[in-house]
**Student:** 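Provided herewith is a single structure, encoded as structure tokens, for subsequent inquiry.
Indexing begins at 1, ligand by ligand and atom by atom, following the structure's order.
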Amino acid sequence: ASRVLVVYGGQSAKKSGLLDKVLALLDGAGISHQELGGVQPNPHLGLAREGVKKAIAMDAQLILAIGGGSVIDTAKAIAHGKANPEIDIWECWLGKQKVSKTTPIGVILTIPASGSETSDSAVLTDETILQKRGLNTEFNRPAFAIMDPSLAATLPRRQVACGVTDIMMHTMERYFSHDDDMTVTDAIAESILRTVKDSVFEVLKEPENYVHRAQIMWAGSLAHNDLTGCGTTGDWATHQLEHELSALFDVAHGAGLAALWGSWARYVYKENVTRFAQFAVNVMGVTNDFKSPEHTALAGIEAMEDFYRAIGMPVSICELIGRQATDEEIKLMTDKCSSGGSATTGNLKVLHRDDMKNIYRMANR
Ligand code: NZQ
Ligand code: ZN
């Protein structure tokens with residue numbers, strides 16, 4: 001590429017000197033570039049549209065994201081918009097248009113969390129109507145991702161914890177299914193979960209710990225590049241329910257997932273008690289009493305919530321937003337998540353509108 005649009009977030013890439021370093025390298029290589037900064041967490045459609053205009057005006061050949069999921073997903077939207085100037089990008093997120101070509105995307109990852117550096121997905125929020133939507137397409141896979149764990153050393157503790165929660169959830173969304181015959185995939189998934197669960201404490205204790213940062217960053221990409229989806233249909237209900245939380249309250253995605261997961265798990269675990277018991281023993285280190293799989297399964301859910309508490313994550317909506325959600329807010333999230341009652345979510349247990357409401361209510365403590 002000889003013309004690059006560099007996309008970055010609020011301030012971290014500037015403050016750390018990374019942005020200047022990248023721009024100097026581009027200059028040194030004779031590559032012309034323009035910048036689009038200011039991407040905020042739960043990224044906005046408006047800024048992505050601005051980026052599309054910029055990319056078209058400069059005829060960008062590569063969209064280079066420096067940051068995490070929010071920046072990468074904005075870059076993905078810009079890349080699609082640049083390659084398809086005749087359509088409004090949001091139409092793709094609404095499923096009204098199909099992405100059939102794009103512009104190459106490069107990533108310099110600064111926070112292991114979303115897995116967007118390898119994933120086929122991109123999540124945007126239309127800030128005018130607080131609608132957060134994901135788009136899945138193979139055109140979302142970046143052409144390359146530079147993953148240097150030391151770039152994450154400046155992350156605040158809360159972002160480390162949110163990131164680890166998201167990485168684990170990408171693995172768990174695929175793990176909790178009815179597909180029981182996937183020994184290799186389970187072993188990969190359980191290894192990712194155990195490794196990240198242990199490494200996070202080392203990183204929180206010692207932010208400069210390169211080795212454990214590296215484990216988390218590598219796990220983050222493996223968790224969402226579909227490797228742990230081999231042989232499973234996946235569930236994704238916790239993610240769908242969370243996207244409504246972060247759209248409405250603008251909370252960090254990882255924290256929103258932690259606030260909901262325990263309630264989701266207690267609502268659905270009877271659909272596959274054995275799998276929840278396997279998770280309890282193989283991931284959470286719960287002792288199997290070989291008497292009651294249900295008892296073991298519930299102990300695993302409790303252990304997971306204890307883990308969230310230990311890394312400073314909320315385990316309820318109240319802990320997440322500092323108050324209970326109102327009935328009206330729960331109705332709004334339920335209506336959006338179920339597209340007015342016409343859509344379901346989840347696979348382990350297919351959730352209808354009333355199920356979604358029940359889970360939000362269970363978490364609303
Ligand atoms: O904006 P700056 O100043 O850069 O600060 C960011 C931001 O405030 C900060 N940060 C990033 N790297 C840093 C740093 N601070 C200090 N040092 C560093 N090295 O971290 C904050 C969060 O950044 P963000 O990009 O929002 O985090 P994350 O990677 O968790 O991305 C979250 C977004 O990704 C979506 C989420 O819904 C959310 O919108 N997701 C995207 C997915 C995908 N595309 O595959 C899948 C996920 O399930 C998720 O839904
Ligand atoms: Zn996620």
**Student:** What atoms in ligand 1 come closer than 4.0 Å to a heavy atom of Lys132?
**Tutor:**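 Reading through ligand 1 atom by atom, the close ones are 36 (C), 37 (O), 38 (C), 39 (O).
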
**Student:** Can you check whether a protein heavy atom sits less than 4.0 angstrom from atom 6 (C) of ligand 1?
**Tutor:** no

**Student:** Quick one: look up the protein heavy atom nearest atom 27 (O) of ligand 1 and list residue, atom name and how far away it is.
**Tutor:**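 The answer is Ile111 CD1, 3.9 Å.
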
**Student:** Would you tell me whether Thr125 and Gln131 have side-chain atoms, one donor and one acceptor, within less than 3.5 Å of each other?
**Tutor:**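 No.
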
**Student:** Could you pull out the closest heavy-atom pair between Ile66 and Leu19, with the gap in Å?
**Tutor:**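 Nearest heavy atoms, Ile66 then Leu19: CD1-CD1, 3.9 Å.
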
**Student:** If I compare all heavy atoms of Phe139 with all of Thr102, which pair ends up nearest, and what's the gap?
**Tutor:** O-CG2, 3.6 Å

**Student:** Just jot down the ligand 1 atoms closer than 4.0 angstrom to any heavy atom of Gln159, in number order.
**Tutor:** 20 (O), 21 (C), 22 (C)

**Student:** Out of all atoms in ligand 1, which are within 4.0 Å of some heavy atom of Leu151? Include the element for each.
**Tutor:**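 Ligand 1 atoms under the 4.0 Å threshold to Leu151: 19 (N).
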
**Student:** Which bit of Asp73 gets closer than 4.0 Å to ligand 1, counting heavy atoms only: side chain, backbone, both or neither?
**Tutor:** side chain

**Student:** Would you call Glu242 a ligand 1 contact, heavy-atom distance under 4.0 Å?
**Tutor:**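 Judged by the 4.0 Å heavy-atom criterion, Glu242 does not count as contacting ligand 1.
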
**Student:** Any heavy atom of His243 sitting closer than 4.0 Å to ligand 1?
**Tutor:** yes

**Student:** Counting only heavy atoms on the protein side, is anything nearer than 4.0 Å to atom 33 (C) of ligand 1?
**Tutor:**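 Looking at atom 33 (C) of ligand 1, one finds that a protein heavy atom does lie closer than 4.0 Å.
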
**Student:** Atom CG of Leu260 and atom OH of Tyr360: how far apart are they, to the nearest 0.5 Å?
**Tutor:** 6.5 Å

**Student:** Taking only heavy atoms of Gly9, which atoms of ligand 1 are found under 4.0 Å from at least one of them?
**Tutor:**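 Those atoms are 1 (O).
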
**Student:** Is the shortest side-chain N to carboxylate O distance from Arg266 to Glu305 below 4.0 Å?
**Tutor:** yes

**Student:** What protein heavy atom sits nearest atom 30 (O) of ligand 1, and how far off is it?
**Tutor:**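 The protein heavy atom lying closest is Ala113 CB, 3.4 Å.
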
**Student:** Which heavy atom in Leu109 sits nearest to a heavy atom in Leu151, and how many Å separate them?
**Tutor:** O-CD1, 3.7 Å

**Student:** With nothing but distance in play, are any N or O atoms of Lys76 less than 3.5 Å from an N or O of ligand 1?
**Tutor:**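 For ligand 1, there is no N or O atom that lies under 3.5 Å from one belonging to Lys76.
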
**Student:** Do His80 and Trp90 have their ring centres less than 6.0 Å from each other?
**Tutor:** no

**Student:** Just to confirm my output: which protein heavy-atom neighbour is closest to atom 15 (N) of ligand 1, and how far is it?
**Tutor:**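 Residue, atom and distance for the closest contact: Ser12 CB, 3.5 Å.
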
**Student:** Report the part of Ala122 (side chain from C-beta onward, or backbone N, CA, C, O) that has a heavy atom under 4.0 Å from ligand 1; answer both or neither where that applies.
**Tutor:** backbone

**Student:** Considering the heavy atoms of Gln11, write down every atom of ligand 1 situated less than 4.0 Å from one of them.
**Tutor:**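 Those atoms are 2 (P), 3 (O).
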
**Student:** In total, how many protein N/O/S atoms does one find closer than 2.8 Å to the Zn ion (ligand 2)?
**Tutor:**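 With waters ignored, the protein N/O/S count below 2.8 Å is 4.
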
**Student:** What do the steps show when you test Tyr308 against Glu319 for side chain to side chain donor-acceptor pair (under 3.5 Å), and what is the final call?
**Tutor:** CA-CA 12 Å; Tyr308 288 146; Glu319 288 178 22; over 6 Å; no

**Student:** Is it the side chain (CB and beyond), the backbone, both or neither of His253 that lies under 4.0 Å from ligand 1, heavy atoms counted?
**Tutor:** side chain

**Student:** To the nearest 0.5 Å, tell me how far Phe276 CZ sits from Ile301 CD1.
**Tutor:** 5.5 Å

**Student:** Is Asp226 close to Arg174 at the side-chain level, that is, under 4.5 Å between some pair of heavy atoms?
**Tutor:**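 SC-SC contact between Arg174 and Asp226 confirmed.
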
**Student:** Please report which non-hydrogen protein atom sits nearest to atom 2 (P) of ligand 1, along with the residue it belongs to and the distance in Å to one decimal place.
**Tutor:**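 Going by distance alone, atom 2 (P) of ligand 1 is nearest to Gly10 N, 3.4 Å.
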
**Student:** Please state which protein non-hydrogen atom is closest to atom 17 (N) of ligand 1 and give its distance, to 0.1 Å?
**Tutor:** Thr154 OG1, 2.7 Å

**Student:** Which atoms of ligand 1 are found less than 4.0 Å from any heavy atom of Asn42?
**Tutor:** 38 (C), 39 (O)

**Student:** Going by the atom numbers of ligand 1, which of them fall below 4.0 Å from some non-hydrogen atom of Gly68?
**Tutor:**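 Matching atoms, with element in brackets: 25 (O), 29 (O).
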
**Student:** I'd like to check which ligand 1 atoms, numbered from 1 as shown, lie under 4.0 Å from a non-hydrogen atom of Ser119.
**Tutor:**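 Reading through ligand 1 atom by atom, the close ones are 43 (C), 44 (N), 45 (O).
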
**Student:** Could you find the nearest protein heavy atom to atom 29 (O) of ligand 1 and give me its residue, atom name and distance?
**Tutor:**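 Checking every protein heavy atom, the shortest distance to atom 29 (O) of ligand 1 gives Gly69 N, 2.7 Å.
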
**Student:** Name the closest protein heavy atom to atom 26 (O) of ligand 1, giving the residue it belongs to and the distance to 0.1 Å.
**Tutor:**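 Here the nearest protein heavy atom works out to Ser70 OG, 2.6 Å.
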
**Student:** If the contact criterion is a heavy-atom separation under 4.0 Å, does Pro43 count as touching ligand 1?
**Tutor:**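 So Pro43 counts as touching ligand 1.
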
**Student:** Please find out if less than 6.0 Å separates the ring center of Phe279 from that of Phe176.
**Tutor:** yes

**Student:** Quick one: nearest non-hydrogen protein atom to atom 12 (N) of ligand 1, plus distance?
**Tutor:** Thr110 OG1, 2.8 Å

**Student:** Answer yes or no: are there more than 12 heavy-atom neighbours, outside Asp327 itself, under 6.0 Å from its atom CG?
**Tutor:** no

**Student:** Less than 4.0 angstrom from a charged side-chain N to a carboxylate O is my criterion; do Asp148 and Arg213 meet it?
**Tutor:**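 Not counted as a salt bridge, because no side-chain N and carboxylate O are separated by less than 4.0 Å.
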
**Student:** Give the minimum heavy-atom separation between Ser121 and Asp73, together with the two atoms involved.
**Tutor:**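 Between these two residues, the closest heavy atoms are O-OD1, 3.8 Å.
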
**Student:** List the atom of Ile192, the atom of Leu222, and the distance in Å for their closest heavy-atom pair.
**Tutor:** CD1-CB, 3.8 Å

**Student:** So, His224 and Asp166: side-chain donor and acceptor under 3.5 Å apart, yes or no?
**Tutor:** no

**Student:** For ligand 1, does Lys15 get within less than 4.0 Å through its side chain, its backbone, both, or neither, judged by non-hydrogen atoms?
**Tutor:**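 Neither; nothing of Lys15 gets under 4.0 Å from ligand 1.
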
**Student:** Give the C-alpha distance, both sets of side-chain angles, the deciding distance and a yes or no for salt bridge (Lys or Arg N to Asp or Glu O under 4.0 Å) between Glu328 and Lys331.
**Tutor:** CA-CA 5 Å; Glu328 205 168 302; Lys331 183 176 180 316; over 6 Å; no

